[in-house]
Amino acid sequence: MKPHWVIFFILSVTFTSTITLSLNPSSSSPSSSLSELQKKPDNQTIYRISKQLCWGCLTESIEFLFAHNLVRAYKWEFPLMWDFELEKYARWWAGQRRSDCKLEHSFPEDGFKLGENIYWGSGSSWTPTDAVRAWAGEEKYYTYATNTCEPGQMCGHYTQIVWKTTRRIGCARMVCDDGDVFMTCNYDPVGNYIGERPY
């Protein structure tokens, strides 16, 4: 087993047990109610785990990772790990958008090799949390029972964030020449397979 998978496994077990204990300190009691186990995860725990999964990252990268892992934790999905190769790719694509800030994917239509979410904001104050919040906000358009988006709405950004088999992420934020912000995140393995549910 590769060392990074061992580390991922240990952190995943720690993440799961820490959240369970923080949500239900008396979990050893068989009389624990299901509603206590389904409480929202603790933000401080998720931030600490995200920071551990982003060794050597700067604040912006940790913010991207924490915001994603917070959304995933609400669906009890494993936290994502930061991947510097994915970050390098995201930085390259954000650099390509510097001159026009065009909301455009790095892959041709239907040619995705990685999962990719993109974001544009008018003005230079938009943060990684703003982008993830916008993508996660699409949850309201997603119906799990039918595994579909509401007609005329998008929900693929949200489903990529919570996709059950996605493990790694790398993102970049660019203030374009016109003063607007372009952000992109790449995910591996890719999600949003037709006919499959995200979680």
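What you see is a predicted model; the values in this text were computed from it and never measured. When a residue number appears, it is its place in the shown sequence, counting from 1.
Contact record, R168 with P189: NH2-CD, 4.0 Å, taken as the closest heavy-atom pair.
By the 4.5 Å heavy-atom criterion applied to side chains, T129 and F66 are not counted as neighbours. Side-chain contact between D188 and D83 is absent, with no heavy atoms from C-beta onward closer than 4.5 Å. Side-chain contact between T127 and E63 is present, with at least one heavy-atom pair separated by less than 4.5 Å. The side-chain heavy atoms of V190 and K113, taken from C-beta on, include no pair separated by under 4.5 Å. Within the 4.5 Å cutoff, side-chain heavy atoms of V132 are placed close to those of V71. The shortest side-chain heavy-atom distance between W163 and Y199 does not fall under the 4.5 Å cut-off.
If you chain together hydrophobic residues whose side chains sit under 4.5 Å apart, L103 and W92 fall into the same group. W82 and W135 fall within the same hydrophobic cluster, defined by Ile, Leu, Val, Met, Phe, Trp and Tyr side-chain heavy atoms under 4.5 Å apart, directly or through other members. Under a hydrophobic-cluster definition in which Ile, Leu, Val, Met, Phe, Trp and Tyr are linked whenever side-chain heavy atoms come within less than 4.5 Å, directly or via other members, M183 and M154 are assigned to different clusters. Cluster membership check: L58 does not share its hydrophobic cluster with I62, using side-chain heavy-atom separations under 4.5 Å among Ile, Leu, Val, Met, Phe, Trp and Tyr.
Put simply, CD on E87 and SG on C54 are 7.5 Å apart, with the number rounded to the nearest 0.5 Å.
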Could you go through N43 and L70, starting from their C-alpha distance and side-chain angles, then the distance that decides it, and tell me whether this counts as side chain to side chain contact (heavy atoms under 4.5 Å, CB included)?
CA-CA 7 Å; N43 289 7; L70 192 60; 3.2 Å; yes

Check the pair W126, S124 against side chain to side chain donor-acceptor pair (under 3.5 Å), reporting the backbone distance first and the verdict last.
CA-CA 6 Å; W126 300 97; S124 62; over 6 Å; no

Chi angles and distances behind the side chain to side chain contact (heavy atoms under 4.5 Å, CB included) call for Y119, C185:
CA-CA 9 Å; Y119 176 91; C185 288; over 6 Å; no

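Heavy atoms of other residues, nucleotides or ligands lying less than 6.0 angstrom from NZ of K164 number more than 12.
Between E139 and K75 there is a salt bridge, since a side-chain N of the basic residue sits under 4.0 Å from a carboxylate O of the acidic one.
Cation-pi geometry between R97 and W93 is met: under 6.0 angstrom from the ring centre, within 45 degrees of the axis. Note that R197 lies in the cation-pi zone of Y144, set by a 6.0 Å cut-off to the ring centre and a 45° limit from the axis.
A donor and an acceptor atom, one from each side chain of Q160 and N192, are nowhere located under 3.5 Å apart. Counting only N and O atoms by type, the side chains of N69 and S50 include a donor and acceptor under 3.5 Å apart.
A side chain to side chain donor-acceptor pair (under 3.5 Å) with Y142 is found for one member of N147, T148, T159 and no other, namely N147.
Proximity of the aromatic rings of Y187 and H68 is defined here by a centroid distance below 6.0 angstrom, and this criterion is met.
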